[in-house]
Amino acid sequence: MKKIKNNAANLALSLCEIILGIVLLAKPVDFIGGIVVIFGIVIAVSGIFNIISYFRSPPKQAVLGTKLSEGIIALAVGIFCVFNPGWITATLSVVAVIYGIIVLLTGVVKIQWTVDLARMKDRSWKFALISSLVSVVAGIIIVCNPFTTVSVAGMVAGLVLVVEGVLDIIAVVFGSDDSVYAEYDERDKK
(Lines give C-alpha, C1' and ligand atoms only; values in the text may rest on other atoms or scores of the structure.)
Protein backbone atom coordinates (compact mmCIF):
# COMPACT_ATOMS: atom_id res chain seq x y z
CA MET A 1 0.00 0.00 0.00
CA LYS A 2 2.87 2.32 0.83
CA LYS A 3 4.24 1.69 -2.65
CA ILE A 4 1.04 3.00 -4.22
CA LYS A 5 0.96 5.99 -1.83
CA ASN A 6 4.58 6.82 -2.64
CA ASN A 7 3.82 6.62 -6.36
CA ALA A 8 0.45 8.40 -6.36
CA ALA A 9 1.71 11.12 -8.70
CA ASN A 10 3.11 8.54 -11.13
CA LEU A 11 -0.15 6.59 -11.03
CA ALA A 12 -2.19 9.76 -11.62
CA LEU A 13 0.02 10.69 -14.57
CA SER A 14 -0.31 7.16 -15.95
CA LEU A 15 -4.09 7.32 -15.69
CA CYS A 16 -4.06 10.69 -17.47
CA GLU A 17 -1.93 9.15 -20.24
CA ILE A 18 -4.46 6.34 -20.61
CA ILE A 19 -7.43 8.72 -20.69
CA LEU A 20 -5.77 11.04 -23.22
CA GLY A 21 -4.76 8.02 -25.28
CA ILE A 22 -8.32 6.70 -25.35
CA VAL A 23 -9.65 10.11 -26.41
CA LEU A 24 -7.00 10.31 -29.14
CA LEU A 25 -7.89 6.81 -30.32
CA ALA A 26 -11.61 7.63 -30.43
CA LYS A 27 -11.53 11.18 -31.86
CA PRO A 28 -8.01 12.18 -32.99
CA VAL A 29 -9.04 15.17 -35.12
CA ASP A 30 -11.46 16.53 -32.50
CA PHE A 31 -8.79 16.11 -29.82
CA ILE A 32 -6.26 18.06 -31.90
CA GLY A 33 -8.90 20.75 -32.47
CA GLY A 34 -9.55 20.89 -28.72
CA ILE A 35 -5.85 21.33 -28.03
CA VAL A 36 -5.76 24.18 -30.56
CA VAL A 37 -8.72 25.88 -28.82
CA ILE A 38 -7.05 25.54 -25.40
CA PHE A 39 -3.81 26.89 -26.87
CA GLY A 40 -5.77 29.78 -28.38
CA ILE A 41 -7.37 30.66 -25.06
CA VAL A 42 -4.00 30.62 -23.27
CA ILE A 43 -2.38 32.77 -25.97
CA ALA A 44 -5.32 35.23 -26.01
CA VAL A 45 -5.21 35.62 -22.23
CA SER A 46 -1.45 36.14 -22.41
CA GLY A 47 -2.04 38.82 -25.05
CA ILE A 48 -4.62 40.57 -22.86
CA PHE A 49 -2.17 40.59 -19.94
CA ASN A 50 0.54 42.07 -22.18
CA ILE A 51 -1.81 44.81 -23.40
CA ILE A 52 -2.89 45.63 -19.83
CA SER A 53 0.74 45.60 -18.70
CA TYR A 54 1.64 48.03 -21.49
CA PHE A 55 -1.04 50.53 -20.49
CA ARG A 56 -0.19 50.21 -16.79
CA SER A 57 3.49 50.92 -17.41
CA PRO A 58 4.76 54.50 -17.27
CA PRO A 59 5.10 55.87 -20.83
CA LYS A 60 8.90 56.17 -20.58
CA GLN A 61 9.13 52.48 -19.59
CA ALA A 62 6.49 51.28 -22.08
CA VAL A 63 8.30 52.88 -25.00
CA LEU A 64 11.30 50.63 -24.34
CA GLY A 65 9.31 47.42 -24.68
CA THR A 66 7.06 45.70 -27.17
CA LYS A 67 4.28 44.60 -24.83
CA LEU A 68 1.49 46.28 -26.82
CA SER A 69 2.47 44.74 -30.16
CA GLU A 70 3.16 41.34 -28.54
CA GLY A 71 -0.22 41.54 -26.83
CA ILE A 72 -2.11 42.44 -29.99
CA ILE A 73 -0.41 39.66 -31.98
CA ALA A 74 -0.99 37.09 -29.22
CA LEU A 75 -4.64 38.15 -28.87
CA ALA A 76 -5.17 37.89 -32.63
CA VAL A 77 -3.51 34.46 -32.85
CA GLY A 78 -5.48 33.28 -29.82
CA ILE A 79 -8.81 34.42 -31.25
CA PHE A 80 -7.94 32.82 -34.59
CA CYS A 81 -7.15 29.50 -32.90
CA VAL A 82 -10.31 29.56 -30.78
CA PHE A 83 -12.62 30.25 -33.73
CA ASN A 84 -10.71 28.26 -36.40
CA PRO A 85 -9.31 25.13 -34.72
CA GLY A 86 -9.49 23.19 -38.00
CA TRP A 87 -6.54 25.10 -39.48
CA ILE A 88 -4.09 22.78 -37.76
CA THR A 89 -5.63 19.71 -39.37
CA ALA A 90 -5.43 21.37 -42.79
CA THR A 91 -1.79 22.30 -42.14
CA LEU A 92 -0.97 18.79 -40.98
CA SER A 93 -2.60 17.44 -44.14
CA VAL A 94 -0.26 19.56 -46.28
CA VAL A 95 2.72 18.24 -44.28
CA ALA A 96 1.36 14.71 -44.76
CA VAL A 97 1.20 15.23 -48.55
CA ILE A 98 4.81 16.46 -48.62
CA TYR A 99 5.87 13.47 -46.52
CA GLY A 100 3.90 11.15 -48.84
CA ILE A 101 5.67 12.55 -51.88
CA ILE A 102 9.04 11.97 -50.20
CA VAL A 103 8.09 8.37 -49.31
CA LEU A 104 6.84 7.78 -52.87
CA LEU A 105 10.02 9.15 -54.43
CA THR A 106 12.12 7.06 -52.04
CA GLY A 107 10.16 4.00 -53.15
CA VAL A 108 10.84 4.78 -56.81
CA VAL A 109 14.58 5.10 -56.08
CA LYS A 110 14.41 1.78 -54.21
CA ILE A 111 12.89 0.15 -57.31
CA GLN A 112 16.07 0.94 -59.24
CA TRP A 113 18.11 -0.42 -56.34
CA THR A 114 16.01 -3.61 -56.47
CA VAL A 115 16.57 -3.99 -60.20
CA ASP A 116 20.30 -3.35 -59.75
CA LEU A 117 20.47 -6.07 -57.07
CA ALA A 118 18.51 -8.51 -59.27
CA ARG A 119 20.75 -7.82 -62.29
CA MET A 120 23.82 -8.53 -60.14
CA LYS A 121 22.18 -11.79 -59.02
CA ASP A 122 22.21 -10.68 -55.37
CA ARG A 123 19.84 -12.86 -53.35
CA SER A 124 18.65 -9.92 -51.23
CA TRP A 125 16.84 -8.28 -54.15
CA LYS A 126 13.53 -9.80 -52.97
CA PHE A 127 13.77 -7.93 -49.66
CA ALA A 128 14.60 -4.72 -51.49
CA LEU A 129 11.58 -5.32 -53.74
CA ILE A 130 9.27 -5.68 -50.73
CA SER A 131 10.74 -2.51 -49.20
CA SER A 132 10.34 -0.53 -52.41
CA LEU A 133 6.76 -1.70 -52.95
CA VAL A 134 5.83 -0.84 -49.36
CA SER A 135 7.32 2.65 -49.84
CA VAL A 136 5.50 3.22 -53.14
CA VAL A 137 2.15 1.99 -51.82
CA ALA A 138 2.51 3.96 -48.54
CA GLY A 139 3.47 7.10 -50.48
CA ILE A 140 0.45 6.78 -52.77
CA ILE A 141 -1.91 6.20 -49.83
CA ILE A 142 -0.53 9.19 -47.92
CA VAL A 143 -0.68 11.51 -50.94
CA CYS A 144 -4.19 10.41 -51.90
CA ASN A 145 -5.61 10.52 -48.39
CA PRO A 146 -3.66 12.97 -46.19
CA PHE A 147 -6.55 13.64 -43.80
CA THR A 148 -6.74 9.95 -42.91
CA THR A 149 -2.97 9.98 -42.42
CA VAL A 150 -3.35 12.74 -39.81
CA SER A 151 -6.13 10.79 -38.08
CA VAL A 152 -4.07 7.61 -38.07
CA ALA A 153 -1.08 9.50 -36.65
CA GLY A 154 -3.32 10.78 -33.86
CA MET A 155 -4.60 7.27 -33.23
CA VAL A 156 -1.06 5.89 -33.11
CA ALA A 157 -0.13 8.61 -30.61
CA GLY A 158 -3.21 7.63 -28.57
CA LEU A 159 -2.25 3.97 -28.65
CA VAL A 160 1.29 4.83 -27.53
CA LEU A 161 -0.11 6.87 -24.61
CA VAL A 162 -2.39 4.01 -23.53
CA VAL A 163 0.43 1.46 -23.72
CA GLU A 164 2.82 3.76 -21.83
CA GLY A 165 0.22 4.41 -19.14
CA VAL A 166 -0.55 0.73 -18.69
CA LEU A 167 3.14 -0.20 -18.58
CA ASP A 168 3.82 2.55 -16.03
CA ILE A 169 1.01 1.28 -13.81
CA ILE A 170 2.33 -2.28 -14.12
CA ALA A 171 5.80 -1.04 -13.17
CA VAL A 172 4.42 0.64 -10.04
CA VAL A 173 2.14 -2.22 -9.00
CA PHE A 174 4.58 -5.04 -9.69
CA GLY A 175 7.77 -3.09 -8.98
CA SER A 176 9.89 -3.28 -5.86
CA ASP A 177 8.12 -4.35 -2.71
CA ASP A 178 7.36 -2.10 0.25
CA SER A 179 10.59 -3.07 2.03
CA VAL A 180 12.55 -0.90 -0.42
CA TYR A 181 10.44 2.10 0.55
CA ALA A 182 10.78 1.24 4.23
CA GLU A 183 14.54 1.40 3.78
CA TYR A 184 14.28 4.93 2.40
CA ASP A 185 11.84 5.96 5.15
CA GLU A 186 14.33 4.81 7.78
CA ARG A 187 17.08 6.88 6.16
CA ASP A 188 14.82 9.94 6.01
CA LYS A 189 14.04 9.66 9.75
CA LYS A 190 17.75 9.83 10.68
Side-chain angles (χ1 to χ4, degrees), residues 4-106 139 142-169 171-172 181 184-185 187-189:
I4 292 175
K5 181 181 172 191
N6 287 337
N7 287 293
N10 289 339
L11 288 171
L13 182 62
S14 298
L15 288 173
C16 287
E17 281 181 323
I18 292 169
I19 292 167
L20 287 176
I22 291 170
V23 172
L24 260 171
L25 278 167
K27 301 256 186 194
V29 176
D30 293 341
F31 181 82
I32 293 169
I35 295 295
V36 171
V37 169
I38 292 168
F39 173 77
I41 291 169
V42 169
I43 294 296
V45 168
S46 168
I48 291 168
F49 280 124
N50 275 344
I51 292 169
I52 291 169
S53 174
Y54 171 81
F55 284 110
R56 285 189 156 187
S57 298
K60 288 183 180 179
Q61 181 183 356
V63 76
L64 299 174
T66 57
K67 290 229 182 245
L68 181 62
S69 56
E70 288 174 16
I72 291 169
I73 292 169
L75 183 60
V77 168
I79 289 170
F80 178 79
C81 288
V82 168
F83 292 105
N84 297 302
W87 72 270
I88 191 76
T89 307
T91 304
L92 290 176
S93 294
V94 170
V95 171
V97 168
I98 293 168
Y99 174 71
I101 290 170
I102 292 169
V103 170
L104 180 61
L105 293 175
T106 301
I142 293 169
V143 168
C144 292
N145 207 349
F147 188 75
T148 300
T149 303
V150 172
S151 294
V152 169
M155 291 171 70
V156 168
L159 181 63
V160 167
L161 283 171
V162 169
V163 169
E164 281 182 9
V166 168
L167 291 174
D168 290 345
I169 289 172
V172 168
Y181 296 102
Y184 286 110
D185 286 343
R187 277 194 239 158
D188 290 342
K189 289 178 185 176

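From a predicted model like this one, the values you see are computed outputs, not experimental measurements.
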Please set out all donor-acceptor pairs under 3.5 angstrom arising from side-chain atoms of residues 90-97, sequence neighbours excluded.
from, atom 1, to, atom 2, distance (Å)
Thr91, OG1, Trp87, O, 2.8
Ser93, OG, Thr89, O, 2.9

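- In this structure, Leu24 CG and Ser151 OG are separated by 10.5 Å, a value rounded to the nearest 0.5 Å.
- In this structure, the side chain to side chain contact (heavy atoms under 4.5 Å, CB included) partners of Val103, at least two apart in sequence or on a different chain, are Tyr99, Ser135, Ala138.
- To the nearest 0.5 Å, the span separating CD1 on Ile18 from CG on Leu13 amounts to 10.0 Å.
- A heavy-atom distance below 4.5 Å is found between the side chains of Leu25 and Val162.
- Val163 pairs by the side chain to side chain contact (heavy atoms under 4.5 Å, CB included) definition with Leu159, Leu167, not counting sequence neighbours.
- Residues meeting the side chain to side chain contact (heavy atoms under 4.5 Å, CB included) test with Leu15, sequence neighbours left out: Ile169.
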Please list, one pair per line, the donor and acceptor atoms closer than 3.5 Å that link side chains of residues 34-51 to other protein atoms, with sequence neighbours excluded.
none

For residues 63-72, tabulate all N or O donor-acceptor pairs below 3.5 Å that involve a side-chain atom, not counting sequence neighbours.
from, atom 1, to, atom 2, distance (Å)
Thr66, OG1, Glu70, OE2, 2.6
Ser69, OG, Thr66, O, 3.1

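- A distance of 11.0 Å separates SG of Cys16 from CG of Leu161, quoted to the nearest 0.5 Å.
- Considering only residues two or more places apart in sequence or on other chains, Asn84 meets the side-chain hydrogen bond (donor to acceptor under 3.5 Å, both in side chains) condition with none of them.
- Evaluation of the side chain to side chain contact (heavy atoms under 4.5 Å, CB included) rule for Ala62 yields Tyr54, Ser57 as partners, not counting sequence neighbours.
- Screening residues 14-42 for side-chain hydrogen bond (donor to acceptor under 3.5 Å, both in side chains), with sequence neighbours left out, gives no hits.
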